[in-house]
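Here the structure is a predicted model, which is why all the values come from computation and not from measurement.
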Amino acid sequence: MDFQRLYDKYLNLNLKERDPYNVSINLLPFISNVSTSKFDGTCSLKGITGEFFRDLKRTDTSILHYTRDAEDKVVSELTRQGTNEDTIEKLKDIMKDLMCSDNNFRPIEASFLQYHSLDKKDDGKITKYGAGQRRIATYLTSMVTNKEDYKETTKPSNLLSQTIKNALDSAEQPAKEKSDHYYVLPFIKKQFENDLKWFLKQDDYVIIKYIDLFLYFYVCYSVGQTIMSLDAHNKVNKDIEKPEICYFVLSHEPASEKRFAVTQGWSTKFKTRYIEKMYGRMQCLDILNTIAKNNEEEVVGLYPNVLERFYAIPFDENKKNCEAALEYYITEKSKILKNRDSETNRSYLDEVSEYNVESYEDFFNKLETACMKLQSQTYQSKFSSQIIDLFKIRLLQQRRGRGQAVLVLDEEMLPFLIALITREERCKLKDLYHKFAEYGICFDNKTKEQIALQLQKLNVLERKSDSGEAQYAKVIL
């Protein structure tokens with residue numbers, strides 16, 4: 001533990017702009033400047049998929065324009081190898097039939113998923129949406145412990161595919177290892193790797209059809225669980241070995257104010273005023289990680305992890321250090337904000353002046369309060385809008401009336417998740433709901449009735465009797 005790191009890494013006395021939030025722990029795949037990096041429903045999930053597999057395999061090859069990036073490269077490589085023109089022309093025709101739709105790349109098997117391009121301009125420069133896709137992909141690869149375990153998971157299945165792939169990769173140098181790395185809750189990393197290894201053993205057409213859903217679900221799952229943990233006032237002793245529960249409904253269901261999807265779902269767990277302070281919440285935990293870590297490379301973790309590290313030193317021995325750190329942050333951050341032209345209303349800067357702390361928990365609470373109150377006004381919506389945009393792609397809907405937002409599973413996500421969490425095995429509905437809870441997903445009785453009806457329509461529900469206990473589901477992708 002080293003309090004000096006706070007003074008070295010954060011803020012400073014000459015008012016230089018040093019107001020970071022990810023010095024020691026990178027928590028979410030979003031940045032404050034949405035003009036350079038943004039991901040929402042206008043982006044393709046396929047760009048994330050391509051970049052994810054490129055990260056795993058450490059390659060940079062992608063296909064933005066079919067003719068330029070695929071056909072021309074293959075022709076050039078085969079010509080270099082001395083392949084005769086007739087063979088090349090025949091291969092060109094076959095490639096176009098298999099891999100091209102309206103001049104857009106289409107993977108012919110799972111080993112070609114890595115060629116899905118990020119969102120780019122015609123000149124190959126990445127757009128702000130491509131930068132957003134890249135951050136999401138890097139977040140996903142942070143869930144992988146050892147990339148080497150996945151290098152051989154998707155291979156070309158025939159000579160034609162191998163020939164095309166060899167040609168596409170021939171001129172490519174291995175990509176450099178990315179320095180960005182995000183903190184992901186350990187239990188989610190374990191679930192992700194177990195599920196990914198199972199999923200990549202499925203038939204190629206299944207992988208191609210569902211990989212975008214798989215990766216999107218895990219991004220939202222991990223981001224949501226992390227956000228709910230960034231609360232020093234209420235989650236400092238939270239159990240971070242299992243997910244926090246949120247209630248969902250099906251996408252076609254109504255949701256009154258009394259439904260659990262409202263009272264114990266998005267509107268309660270992700271309140272607007274809570275996620276509007278996400279920058280301050282992340283900064284507080286980053287400061288505590290900066291103080292608590294034993295070396296520059298270490299990431300300590302969330303509040304329970306940091307508190308355990310602080311407990312190693314009796315509070316009485318550290319009380320003055322905690323109070324000095326709190327006073328330093330409040331004083332210097334206030335000076336910086338008062339000197340920014342963008343802070344039009346500065347009255348809130350005089351509201352934070354409590355430096356006395358009585359315990360480590362009290363120190364955490366007061367530091368978080370200071371970080372949130374002294375969060376720049378310009379950051380109010382920058383992180384919250386990115387979080388909402390991500391979930392709205394598929395898992396978040398705004399209901400009519402008072403406009404309650406609810407978490408939802410649609411007609412594609414529901415059977416996909418059932419197949420994933422049951423490993424396509426026959427499962428009692430009662431047990432199925434327990435498996436969903438292992439991913440933080442719960443349903444009230446009305447939604448359970450709707451799920452049974454939905455599965456019945458898909459002809460994947462077995463009834464042994466009229467009792468709900470005797471209903472079984474088996475979904476095969």
Side-chain angles (χ1 to χ4, degrees), residues 43-81 83-120 124 130 133-134 137 140-141 147 149-175 196-216 412 416 419-420 424 476-477:
C43 307
S44 168
L45 291 169
K46 297 187 183 305
I48 294 172
T49 298
E51 186 71 3
F52 171 73
F53 281 102
R54 285 191 292 276
D55 280 355
L56 288 187
K57 298 174 186 294
R58 295 190 179 93
T59 177
D60 278 336
T61 307
S62 65
I63 297 173
L64 180 61
H65 296 294
Y66 171 76
T67 303
R68 183 190 69 195
D69 299 330
E71 186 178 282
D72 290 354
K73 283 185 177 181
V74 173
V75 170
S76 176
E77 176 61 18
L78 293 179
T79 301
R80 188 189 67 79
Q81 294 176 7
T83 308
N84 67 66
E85 290 185 12
D86 286 345
T87 300
I88 291 176
E89 287 301 315
K90 288 177 182 177
L91 183 59
K92 279 173 61 177
D93 291 339
I94 295 171
M95 276 182 63
K96 192 157 189 174
D97 287 342
L98 293 174
M99 294 175 60
C100 179
S101 175
D102 299 325
N103 204 37
N104 293 315
F105 166 67
R106 178 177 59 207
I108 55 178
E109 54 181 59
S111 63
F112 283 67
L113 286 168
Q114 71 186 65
Y115 301 127
H116 276 306
S117 175
L118 295 169
D119 192 80
K120 295 179 180 179
Q133 290 170 326
R134 173 170 279 171
L140 284 160
T141 52
K147 293 181 182 179
D149 293 343
Y150 300 89
K151 269 200 164 184
E152 303 299 324
T153 50
T154 54
K155 291 181 177 180
S157 61
N158 55 63
L159 182 59
L160 173 64
S161 297
Q162 185 69 63
T163 300
I164 296 171
K165 197 168 188 310
N166 287 347
L168 288 172
D169 294 344
S170 61
E172 191 66 47
Q173 297 297 319
L196 182 62
K197 287 175 181 176
W198 175 84
F199 182 70
L200 292 179
K201 291 177 182 177
Q202 307 312 301
D203 291 336
D204 275 22
Y205 75 90
V206 171
I207 298 173
I208 291 170
K209 181 176 181 180
Y210 291 106
I211 185 63
D212 298 345
L213 271 187
F214 177 89
L215 297 179
Y216 171 72
E412 190 173 19
F416 168 71
L420 178 70
E424 297 185 335
I476 297 176
L477 295 174

*Please confirm whether the backbone N or O of Gln114 pairs with a side-chain atom of Arg54, one donor and one acceptor, at under 3.5 Å?*
yes

*Return yes if some donor-acceptor pair links the side-chain N/O of Ser76 with the main-chain N/O of Lys73 below 3.5 Å, else return no.*
no

*Taking the side chain from Thr163 and the backbone from Leu159, do they hold a donor-acceptor pair closer than 3.5 Å?*
yes

*Would you call Phe416 and Lys209 a side-chain contact if the rule is heavy atoms closer than 4.5 Å?*
no

*Got Phe112 and Arg106 here, is their nearest side-chain heavy-atom distance under 4.5 Å?*
no

_What I'd like to find out is whether the side chain of Ser161 reaches to under 4.5 Å of the side chain of Ile108, using heavy atoms alone._
yes

*Of the non-hydrogen atoms in Ile63 and Ser117, which two are nearest, and what is the gap between them?*
O-CB, 3.5 Å

*To the nearest 0.5 Å, tell me how far Asp119 CG sits from Ile48 CD1.*
11.0 Å

*Gap separating the NZ atom of Lys57 from the CG atom of Asp169, nearest 0.5 angstrom*: 10.0 Å

*Do NZ/NE/NH1/NH2 and the carboxylate oxygens of Asp212 and Lys46 come within less than 4.0 Å?*
yes

*Using the ring of each side chain (for Trp, its six-membered ring), is Phe199 parallel, tilted or perpendicular to Phe214, with breaks at 30° and 60°?*
parallel

_4.5 Å side-chain heavy-atom contact, Glu77 and Val74_ = no

*asked:* Is it true that, when you exclude Lys120 itself, more than 12 heavy atoms of the residues, nucleotides or ligands shown sit nearer than 6.0 Å to its NZ?
replied: yes

_Heavy-atom closest contact (Arg134 atom, Glu51 atom, distance)_ = NE-OE2, 3.3 Å

*Distance, nearest 0.5 Å, that separates CG of Leu213 from CD of Glu412*: 4.5 Å

*Report yes if the side chains of Leu160 and Leu98 come closer than 4.5 Å at any heavy-atom pair, otherwise no.*
yes

_Heavy-atom closest pair, residues Ile207 and Gln202_ = CD1-O, 3.4 Å

*What is the minimum heavy-atom distance between Tyr66 and Lys92, and which atoms define it?*
OH-O, 4.3 Å

*Indicate yes or no: at least one non-hydrogen side-chain atom of Tyr150 is less than 4.5 angstrom from one of Lys197.*
yes

*Closest heavy-atom contact between Leu56 and Lys147?*
O-CB, 3.8 Å

*Assess the side chains of Ser111 and Glu109: does a donor N or O sit below 3.5 Å from an acceptor N or O?*
yes

_Within-4.5 Å side-chain heavy-atom neighbours: Ser44 and Gln133_ = yes

*Inter-residue atom distance Ile211.CD1 - Leu45.CG, 0.5 Å rounding*: 11.0 Å

*Nearest non-hydrogen partners of Ile88 and Thr83, listed with the distance*: CD1-O, 3.5 Å

_Point-to-point distance, once rounded to the nearest 0.5 Å, from CD of Glu71 to CD1 of Ile164_ = 10.5 Å

*Kindly say whether Asp86 contributes a backbone atom to a donor-acceptor pair with the side chain of Asn84 at under 3.5 angstrom?*
yes

*Measure the spacing between CZ of Phe53 and NE2 of His116 and express it to the nearest 0.5 Å.*
9.5 Å

